[in-house]
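To keep things clear, I will list the structure first and then write my remarks on it.
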Protein chains: 2
Amino acid sequence: MAEPHDAPRDLTRNQGLVLGTLNRSSAPLSAYDILDKLREEGLRAPLQVYRALDKLVERGLAHRLESLNAFVACADAHCHRKGLIAFAICERCGRVDEFADEVIEERLSGWAANTGFKTERTTMEIRGQCAECLKAAA
Amino acid sequence: MAEPHDAPRDLTRNQGLVLGTLNRSSAPLSAYDILDKLREEGLRAPLQVYRALDKLVERGLAHRLESLNAFVACADAHCHRKGLIAFAICERCGRVDEFADEVIEERLSGWAANTGFKTERTTMEIRGQCAECLKAAA
DNA sequence: CGTTGCAGCGTTATGCTATAACGTGTAGAG
DNA sequence: CTCTACACGTTATAGCATAACGCTGCAACG
Ligand SMILES: [Zn+2]
Ligand SMILES: [Zn+2]
Ligand SMILES: [Zn+2]
Ligand SMILES: [Zn+2]
């Protein structure tokens, strides 16, 4: 199973461990989930994970899902070049799809222009059930 | 100062207290913020606030802001009739604007239809600075 | 009427998420 | 070399949320 994109070479040890853990997971992980999976590697404190996550998120290699207080590896090597990303989160299997939509982005920037709001960051998260889980439940 | 909309008469005491507190606040409040403001009224435990908030959110009288772990009173008497609500949150003054956009809603439901995803709930939150704060900072 | 079911309430205890504050080690710039 | 920046490791603490218990009040039903 190939990872979504090659891990940059300049990650620190902790950052690499955390990103690897996220890449191997099929569902979002909380910082404490990650910590538990990395105890064998010597990590002991939440801060070690949070610090790594901060950097990964900053670089667009991982994303924070606000509605779950959890994190996923970025699924798309180039997503960080796009402005706005939406996440569709399956509440049954945990699968997360990320996608960008220019029309939505235009609507939001239009609203911001009209109201004089300066956007720093946008989160868009759809919760529900993915196609596979719907089929399985039927 | 009128409240955004008349409080329904059938709220319980705790629900009324919590909604009143949210209505009087100009910025989002965490459950613990609310609790602190209601100690004089006899509230003592987080659960009393969380239970009230659950009901208020369920009825659309309040909204949870996932990116803040905080709550606001609904600003619009009829917003709960609309499907999708977006929130613009000023990080300086805490002001929250809520708005609905049919085009965005269509784009999202289009994406869902294409991928077979069944949407239960969508959160959209824009963080940044409002027009007033931008003027003030200039 | 009695009783049954439901919703809210109050309390204690606990668990999960995130950051503050401190000091160490190391690599690059001047 | 020394200064700076950055990551690291650790301990302690702050902030957000729920589990589990038992009780109360009220409406529906026979
Ligand atoms: Zn991504
Ligand atoms: Zn699924
Ligand atoms: Zn509303
Ligand atoms: Zn503002």
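These values consider heavy atoms only, across backbone and side chains, with no hydrogens, waters or symmetry-generated copies. Below, read A as the first sequence line, B as the second, and so on, with proteins coming before strands; counting in each chain starts at 1.
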Regarding A/A45, tell me which of base, sugar-phosphate or nothing describes its non-hydrogen contacts under 4.0 Å with the strands shown. base
Step by step, work out the salt bridge (charged side-chain N to carboxylate O under 4.0 Å, His left out) result for B/R127 and B/E91. CA-CA 7 Å; B/R127 309 279 297 270; B/E91 311 213 89; 2.6 Å; yes
Taking OH from B/Y50 and P from C/dT17, how many angstroms apart are they, rounded to a whole number? 13 Å
In terms of side-chain heavy atoms of A/L47, which of C/dT19, C/dA18, C/dG8 is nearest? C/dT19
Salt-bridged, B/D10 to B/R59, with N to O below 4.0 Å? yes
Measure the distance from CG on B/D10 to C1' on C/dG8 and round it to the nearest whole Å. 13 Å
Should the pair A/R95-A/E132 be classified as a salt bridge under the 4.0 Å nitrogen-to-oxygen rule? yes
Could you tell me how far apart A/L35 (CG) and D/dT10 (C1') are, to the nearest whole angstrom? 13 Å
Phosphate OP1/OP2 of C/dT17: any B/N69 side-chain N/O under 4.0 Å: no
Tell me: CG of A/D36 to C1' of C/dC16, nearest whole Å? 11 Å
Does A/R13 have a side-chain nitrogen or oxygen under 4.0 Å from the phosphate oxygens OP1 or OP2 of D/dC6? no
What distance separates A/I34 CD1 from A/S25 OG, expressed to the nearest 0.5 Å? 8.5 Å
Side-chain N or O of A/Q48 less than 4.0 angstrom from OP1 or OP2 on D/dG9? yes
Distance in angstrom units between B/L17 CG and C/dG10 C1', rounded: 15 Å
To the nearest Å, give me how far apart CG (B/L68) and C1' (C/dT17) are. 15 Å
When all nucleic acid strands are considered with a 4.0 Å heavy-atom cut-off, which category describes B/R51: base, sugar-phosphate, or nothing? base
Taking only the side-chain nitrogens and oxygens of A/Y32, find out if one of them lies under 4.0 Å from OP1 or OP2 of C/dT17. no
Any side-chain N or O of A/N14 less than 4.0 Å from the OP1 or OP2 oxygen of D/dG9? yes
Which nucleotide in the list D/dA7, D/dA17, C/dT19 gets nearest to the side chain of A/Q15? D/dA7
B/L43 near the nucleic acid: base, sugar-phosphate alone, or nothing, with a heavy-atom cut-off under 4.0 Å? nothing
If I take atom CG in residue A/D54 and atom C1' in nucleotide C/dT19, what distance separates them, rounded to the nearest angstrom? 10 Å
Between A/L11 (CG) and D/dC6 (C1'), how many Å, whole number? 15 Å
B/T12 vs C/dC9: side-chain N/O to OP1/OP2 distance below 4.0 Å: yes
Please check the phosphate of C/dT17 (OP1 and OP2 only) for any side-chain N or O of A/S30 closer than 4.0 Å. yes
B/E66/B/R64 salt bridge by N-O under 4.0 Å criterion: yes
